[in-house]
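This report refers to the structure that appears directly beneath it.
Numbering of ligands and ligand atoms starts at 1, following listing order. Positions are given from 1 along the sequence.
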Amino acid sequence: MWLLAGAAAGAGPRLPGNSVPSSCCGRRLIGGRLGRDTPPPQRQCSLVRGPGPAQWPRASASKAQGLLLQEPILDQATMVPALGGPPSSEGPSPAPSPPPCREVGRTSPTQTPRGTRSGLAPNVVFVKTHKTGSSTLQNILFRLGERRNLTLAFPRYTYQFAYPQRFAAAFVEPLPPGAAPYNLLLSHLRLAAGELRRVMPPDSLYLTILRDPVRTFPSVFAYYRSTVPAFRPLASHPRPLAAFLQAPARYYDPADAGNGLARNPMAFDLGLEAGGEEGGSRWDRELERLNRTFHLVLIAEHFDESLLLARELLGLRLEELAYVRLNARRGAADEAPAPGLARRIRAWNWLDVRLYRYFRAVLWRRVEGYGYTRMKGELEALRALLRETRATCLAGEAVGPEDTADELRPWQPDTAAILGYNLRPGLPPAQHASCYRLVLPELQYHAHLYYRQYGREMCALPCD
Ligand SMILES: Nc1ncnc2c1ncn2[C@@H]1O[C@H](COP(=O)(O)OS(=O)(=O)O)[C@@H](OP(=O)(O)O)[C@H]1O
């Protein structure tokens, strides 16, 4: 989510480990209160991702210490359901021209990615696209990083790399003393692959995730309705999405940098400039270029299949894939856009549609290469693990913000209710620690890991 920087910084979160002073090293800290003398935000932070003051979790100091001290252990394995075919919620689509089914990421065929055969934890760049299930995957990777004591490349301030600017190496917090290299880079950014290569080791694995635009766009629209300029005029409309799609050009100014998510949001995150040009071979070349950049593009509609491919690539154990669906909107699961609306969503987000179809085809070629029988068996095992994990950890289904414990409540935009989880009462300490991380929302986990790595709280603003 984005917020005005001032709003994000105006009141600090109570975060794990927030017993540190409210400023150190001359920096303003996200955990401290910014007073009247706070310098005005620089232009680049006029939009930053951050929780609103009223929504900050209130973690107690003892909880904070628990988080810092307890080792996560999430080791329950077992097995179930069948491999779904390649279904689609988006209706008939032209036969995709199958892209090359080879691993064409940055690691050359002669290089062994750290995670696959070497037994070491992998170096990973995860390009965290918006409203695609990315927080769920990020949480898996956060837990991997914490469990294996990996070094994260964090934004120098807030939770994203100066989004919506294109990523630049200068946005990264310097390595902590004695650590090298960075192992994981997982925060929201707008892709600039060359700059990422300047920061991350050459054997890094590049991952991202895409979701059916017919699902992604309503999610983006609901979440950012009061922050993305193109959506704002509809904030109090009774049927805002339909009204927007009726005449989007009336609201959308492509020159406004804040409108990056207002059209083709996934393509925007992956660094593409859609402009008005829909046809031509340019986009085929761009998609092929992205296919060479990424070792794996996960598809949210086939999250479990994607995870199993990621598991092989990263050399993970099955138990390390345990997850719960994070950041879900209340009511969204039952909200399938009517056919007319879905058509309009696709027409407006035409490049996201191309991107999604291309990489969905890539995924299914990868599954074919993996072997359907093998995939089917592993899906059964994974889904049994997920059932067991949920039964062990959760008090029940995901609940609305009013029913979520303060410290486990995801950030809430004012235009949608985001669900969270409560933990089953009475968990033994080690299980509590691992279950806690499983359901910990993005901002809280991000802040915790930053504090763990640097021994101070993160900056809310550019402050050095
Ligand atoms: N595993 C899995 N599979 C499919 N979809 C999933 C999954 N996990 C999360 N979600 C849905 O993704 C939406 C949240 O996306 P993000 O976490 O990327 O949002 S954010 O940009 O980080 O705020 C949000 O969508 P909506 O509920 O439609 O808003 C989640 O329900």
Side-chain angles (χ1 to χ4, degrees), residues 1-3 47-52 55 84 87-89 126-142 155 158-161 163-164 186-190 207-225 227-228 241 260-261 265-266 268-270 297-308 310 321-337 342 345 352 356 360 363 379 382-383 386 389-390 397-401 409-413 415-421 438-446:
M1 70 297 298
W2 301 350
L3 284 179
L47 283 173
V48 298
R49 190 173 207 273
Q55 287 83 22
S88 165
S89 59
F126 173 48
V127 176
K128 188 177 188 297
T129 45
H130 285 85
K131 309 319 293 179
T132 52
S134 66
S135 303
T136 303
L137 185 64
Q138 185 196 50
N139 178 277
I140 293 172
L141 297 170
F142 273 164
T158 80
Y159 302 90
Q160 43 191 6
F161 291 103
Y163 191 87
L186 309 174
S187 311
H188 277 296
L189 57 84
R190 186 165 187 225
L207 312 183
T208 192
I209 181 166
L210 299 175
R211 187 182 183 201
D212 187 339
V214 168
R215 290 288 184 181
T216 308
F217 191 73
S219 181
V220 166
F221 187 87
Y223 206 79
Y224 297 106
R225 199 154 77 228
T227 44
V228 166
L241 179 60
L261 291 177
M266 296 186 293
F268 181 80
D269 283 350
L270 297 187
V297 176
L298 294 91
I299 296 290
E301 282 69 26
H302 309 300
F303 194 77
D304 293 348
E305 290 87 342
S306 299
L307 268 190
L308 289 166
L321 303 184
Y323 73 89
V324 293
R325 185 185 184 107
L326 295 176
N327 235 1
R329 256 177 320 138
R330 178 152 46 206
D334 315 316
E335 158 202 280
I345 293 171
D352 272 8
Y356 177 75
R360 188 183 54 185
L363 183 89
L379 274 177
L382 174 60
R383 287 172 181 163
L386 298 180
T389 303
R390 289 162 192 166
E397 296 298 315
V399 289
R409 184 178 304 126
W411 185 84
Q412 303 291 317
T415 46
I418 306 301
L419 307 181
Y421 298 90
L438 183 81
V439 302
L440 196 58
E442 173 185 3
L443 303 191
Q444 287 94 312
Y445 210 157
H446 197 287

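Among all heavy-atom pairs drawn from S187 and P155, the shortest one is OG-CD, 3.5 Å. Closest non-hydrogen pair, L419 versus P410, comes out as O-CG, 3.2 Å.
Neither the backbone nor the side chain of E301 has a heavy atom within less than 4.0 Å of ligand 1. Contact annotation: for H188 versus ligand 1, heavy atoms closer than 4.0 Å belong to the side chain alone. Only the backbone of L326 comes within 4.0 Å of ligand 1, judged by heavy-atom distances.
For ligand 1 and A300, the ligand atoms under 4.0 Å from any heavy atom of the residue are 3 (N), 4 (C). Listed by number with element, the atoms of ligand 1 under 4.0 Å from a non-hydrogen atom of S134 are 16 (P), 17 (O), 18 (O), 22 (O). Heavy-atom proximity to T129, at under 4.0 Å, picks out these atoms of ligand 1: 18 (O). Near E442, with a cut-off below 4.0 Å to any heavy atom, the atoms of ligand 1 are 22 (O). Close contacts between ligand 1 and A332 involve ligand atoms 26 (P), 27 (O), 28 (O) [criterion: under 4.0 Å to a heavy atom].
A distance of 13.0 Å separates CD1 of I418 from CZ of R409, quoted to the nearest 0.5 Å.
Among H130, R325, R329, the residue whose heavy atom sits closest to atom 31 (O) of ligand 1 is R325. Considering only non-hydrogen atoms, atom 25 (O) of ligand 1 lies nearest to R211 out of H302, Q160, R211.
Not a single heavy atom of Q138 sits under 4.0 Å from any atom of ligand 1.
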V127/L189 under side-chain contact (heavy atoms from CB on, under 4.5 Å): CA gap, chis, key distance, verdict: CA-CA 7 Å; V127 176; L189 57 84; 4.0 Å; yes
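Salt bridge annotation for R360-E301: absent, with no cationic side-chain nitrogen under 4.0 angstrom from a carboxylate oxygen. A salt bridge links E335 to R329: at least one charged side-chain nitrogen sits closer than 4.0 Å to a carboxylate oxygen.
Taking the six-membered ring for Trp and thresholds of 30 and 60 degrees, H130 and H188 have nearly parallel ring planes, at less than 30 degrees apart.
Using a 4.5 Å heavy-atom cutoff, the side chains of R225 and P413 are not in contact.
The N/O atoms of Y323, backbone and side chain alike, include none that comes under 3.5 Å of an N/O atom in ligand 1.
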